[in-house]
Amino acid sequence: MKIAYLGPSGSFTHNAALSAFPKAELVAYSTITEVLKAYQDKEVSFAIVPVENSIEGSVHETTDYLFHEGNMLAVTEIIQPIKQQLMAVTVTQPEKIFSHPQAIAQGKKYITEHYPKAQLETTASTAYAARFVAENPDKPYAAIAPQAAADQYGLTVIAKDIQEIEENFTRFWVLGEKAEQIDLPKIADKLSLALTLPDNLPGALYKGLSVFAWRGIDLTKIESRPLKTMLGEYFFMIDVNNEDQQLVQYALSELTSLGIGYKILGNYSVYMMTKD
């Protein structure tokens, strides 16, 4: 069984993939889009991609692709505590610091305070940043990446846990046909939907959310994203508590009766990785 993930090895996504599929063949791809296309083209059995960080918000490359491109379903969610480390070969005063944009944002306060003259350069993933620094040992470079990347590429951590907020978590979605058994603590069941609203229904968003509210169904997220049709047109992503699946199905039926379209992006159990 092959599992696609955002690589290379040592990335947070790689760590999530190892936790979910410790015995599977893990296949690294350079970008989230390449991971999703690999699954869409049936090159792999599952794909693992980041979908949201508790500090920086949604990973739009993931959510937009799932809405606009084909029918792919999240069947499992893994929540991973995120700790960012600043690492280098030997340099202690880096002139350039490389990482994924979200990792840079999470560590920017620390970098500004301690290395104000360092240039920040973005990469496709934290692990790519670590590998690039390791491949250029004579340059005054550093990377922001997880501890696993330092171990993988032989780098020295020069500053630990530089993320701005201690309680930092990332959600990862496992895309597949059917969920596999995951050896992690289960904490919830959820349904992720993308709502499209009719033009001729006043208060359409309010009415769409009301079908869940009056039934006492919790929504854990709502976010608007451009439909990419014309200015001012959006779809709305919502995450729904799916403990009572029959009750949620009644709510979905009412959405249809109101003329509100929806696409199921995920129907999954949520698992939590340990902090260590």
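Since we're looking at a predicted model, the values are computed, not measured.
Residues that satisfy the side-chain contact (heavy atoms from CB on, under 4.5 Å) test with A148, not counting sequence neighbours, are absent from this structure.
Ionic pairing of K190 and E77 is present here: one or more N-O contacts between side-chain nitrogen and carboxylate oxygen are shorter than 4.0 angstrom.
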Next on the checklist: Test side-chain contact (heavy atoms from CB on, under 4.5 Å) on Q106 and N168; report intermediate values, then the result.
Outcome noted: CA-CA 9 Å; Q106 292 161 19; N168 183 7; 3.2 Å; yes
Next on the checklist: Under the criterion side-chain contact (heavy atoms from CB on, under 4.5 Å), I'd like the reasoning laid out for M273 against I78: C-alpha separation, chi angles, the key distance, then a yes or no.
Outcome noted: CA-CA 7 Å; M273 291 176 60; I78 299 170; 3.6 Å; yes
Item to check | Audit row: I222, L209, side-chain contact (heavy atoms from CB on, under 4.5 Å) steps and yes/no | outcome: CA-CA 10 Å; I222 178 169; L209 299 181; 3.7 Å; yes
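Between S9 and Q152, the side chains place a donor N or O and an acceptor N or O closer than 3.5 Å (distance only, hydrogens not considered). In this structure, a donor-acceptor pair under 3.5 Å is absent between the side chains of Y250 and E254. Under 3.5 Å, the side chains of K221 and S58 contain a donor-acceptor pair of N or O atoms. Side-chain contact, H100 with Q84: no donor N or O sits under 3.5 Å from an acceptor N or O.
Between the S11 side chain and the A127 main chain, no donor and acceptor come within less than 3.5 Å of each other. A donor-acceptor pair is defined here as one N or O able to donate and one able to accept, closer than 3.5 Å; such a pair exists between the side chain of E243 and the backbone of D189. A donor-acceptor pair under 3.5 Å links the side-chain atoms of S125 to the main chain of G7, judged by distance alone. Counting only distance, with no hydrogens or angles, the side chain of D244 and the backbone of L247 share a donor-acceptor pair below 3.5 Å. The backbone N or O of V75 sits nowhere less than 3.5 Å from a side-chain atom of K178 that would complete a donor-acceptor pair. At distances below 3.5 Å, not a single donor-acceptor pair connects side-chain atoms of T126 with backbone N or O atoms of S99.
Contacts classified as ring pair (Phe, Tyr, Trp, His ring centres under 6.0 Å) and involving residues 219-241 (residues at least two apart or in different chains) are given here: F67-F235, H68-F235. For residues 23-39, every residue pair satisfying the side chain to side chain donor-acceptor pair (under 3.5 Å) rule, not counting sequence neighbours, is listed here: Y29-E43, S30-Y128, T33-E61.
No more than 12 heavy atoms of other residues, nucleotides or ligands shown are found within 6.0 angstrom of CG on N71. Within a 6.0 Å radius of CD in E177, no more than 12 heavy atoms belonging to other residues, nucleotides or ligands are found.
Aromatic ring pairs are classed by plane angle as parallel below 30°, tilted from 30° to 60° and perpendicular above 60°; the pair F132 and Y141 is parallel.
Both Y271 and V240 belong to a common hydrophobic cluster when Ile, Leu, Val, Met, Phe, Trp and Tyr are linked at side-chain heavy-atom distances under 4.5 angstrom. A single hydrophobic cluster is not seen to contain both I97 and M87; linkage of ILVMFWY side chains at heavy-atom distances under 4.5 Å, directly or through other members, places them apart. If you chain together hydrophobic residues whose side chains sit under 4.5 Å apart, F98 and L86 never meet in one group.
What you find for Q163 and K83 is that their closest heavy atoms are OE1-CA, 3.5 Å.
At least one side-chain heavy atom of L191 sits under 4.5 Å from a side-chain heavy atom of L252.
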